[in-house]
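Heads up, the thing below is written out as structure tokens.
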Amino acid sequence: EAGVVQSPRYKIIEKKQPVAFWCNPISGHNTLYWYRQNLGQGPELLIRYENEEAVDDSQLPKDRFSAERLKGVDSTLKIQPAELGDSAVYLCASSLGSRTNEQFFGPGTRLTVL
Amino acid sequence: QQPVQSPQAVILREGEDAVINCSSSKALYSVHWYRQKHGEAPVFLMILLKGGEQKGHDKISASFNEKKQQSSLYLTASQLSYSGTYFCGTAYSGGGADGLTFGKGTHLIIQP
């Protein structure tokens, strides 16, 4: 079974430029998460989707971040414009959304903002 | 609120045992343990639900003390492959699909 797929794996941009990350969850997983992991820290939740609905976006910086999950499968996370402090690894995870809620992570996109 | 992990780092010889703790100031519903190697995605190890259960597979096990709001991960007879950073992720409700709040991690180095 294929795991969570993310692209690109690496992205280097200059500040004020836009950037987008793509995620394809494990087949059949209705719940999708975007996390941000800063160097030396644990992942921090940005947004959670149940199918195509964003049910928890309380920690998403909405002035510059946006996300969508059209058709309840793939998801895109966008930053516009990017700032130096956005440099981090952006991780996508998915789960069945069951009581045990095992979350499986993709390899992440390492973003460097210059 | 972010759970607190201890110790921050530990260095062991192959074959030695390790314990990693995860404490919360808020009532927990579940605790999830992950291991992450440098440059890779976190890998799911196990989940513990409130009720004080204990789980394990192979030489890695974990417990959840609901009274203390604390979970511990036990690594027995450590192997070189156990090296990495261990994170606990916590959920505070039984909604089923909540996002996790992760600790800062415990760096584990296993030396031959």
Side-chain angles (χ1 to χ4, degrees), chain A residues 2-7 9-10 23 25-26 28-51 53-60 67 69 72 88-110 112, chain B residues 1-9 20-24 28-51 53 55 57 62 64 71 73 84-108:
Chain A
V4 177
V5 179
Q6 290 188 247
S7 68
R9 291 294 313 276
Y10 304 91
C23 172
I26 293 172
H29 282 196
N30 297 325
T31 307
L32 184 146
Y33 313 80
W34 282 103
Y35 289 86
R36 176 171 60 189
Q37 187 174 25
N38 291 309
L39 190 64
Q41 302 293 317
E44 298 175 73
L45 180 69
L46 292 174
I47 190 168
R48 170 168 68 99
Y49 279 93
E50 294 289 344
N51 298 305
E53 183 182 359
V55 296
D56 182 1
D57 63 355
S58 57
Q59 299 181 71
L60 188 72
R69 192 184 183 196
V89 176
Y90 291 82
L91 293 163
C92 178
S94 70
S95 78
L96 287 170
S98 65
R99 177 172 170 264
T100 55
N101 191 25
E102 297 169 353
Q103 297 182 24
F104 297 92
F105 284 84
T109 296
R110 182 176 296 276
T112 302
Chain B
Q1 289 183 338
Q2 187 177 40
V4 177
Q5 287 187 233
S6 63
Q8 287 185 323
I20 300 171
N21 298 306
C22 175
S23 297
S24 173
L28 293 169
Y29 176 78
S30 62
V31 179
H32 307 228
W33 286 98
Y34 288 83
R35 176 172 58 216
Q36 186 176 32
K37 295 184 182 286
H38 183 70
E40 299 180 9
V43 174
F44 175 80
L45 294 177
M46 63 186 75
I47 177 176
L48 298 104
L49 304 178
K50 72 174 185 178
E53 64 173 343
K55 273 192 175 181
H57 62 84
F64 181 5
S71 178
L73 185 71
T85 302
Y86 289 77
F87 292 99
C88 67
T90 53
Y92 303 106
S93 74
D98 287 353
L100 300 177
T101 303
F102 285 89
K104 291 186 176 182
T106 295
H107 301 284
L108 178 64

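Just the heavy atoms: all of them, side chains too, but no hydrogens, waters or symmetry mates, feed the values below. Order of the sequence lines fixes the chain letters, A, B, ..., with proteins taken first and strands second; residue numbering starts at 1 for each chain.
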Checklist entry - If you round to the nearest 0.5 Å, how far is CD of A:Q41 from OG1 of B:T85? => result 11.0 Å
Checklist entry - Is A:Q103 reaching over with its side chain to a backbone N or O of B:D98, donor-acceptor style, under 3.5 angstrom? => result yes
Checklist entry - Which atoms of A:Q37 come close to chain B, meaning under 4.5 Å heavy atom to heavy atom: side chain ones, backbone ones, both, or neither? => result side chain
Checklist entry - Are the side chains of B:L100 and A:Y33 in touch, meaning some heavy atoms are under 4.5 Å apart? => result no
Item to check | Residue part contacting chain A, namely of B:Q36, when any heavy atom lies under 4.5 Å | outcome: side chain
Next on the checklist: Please rank A:P107, A:P43, A:G108 by heavy-atom pairs under 4.5 Å with chain B and give me the top one.
Outcome noted: A:P43
Item to check | Among B:P42, B:A41, B:G39, residue most engaged with chain A (heavy-atom pairs, under 4.5 Å) | outcome: B:P42
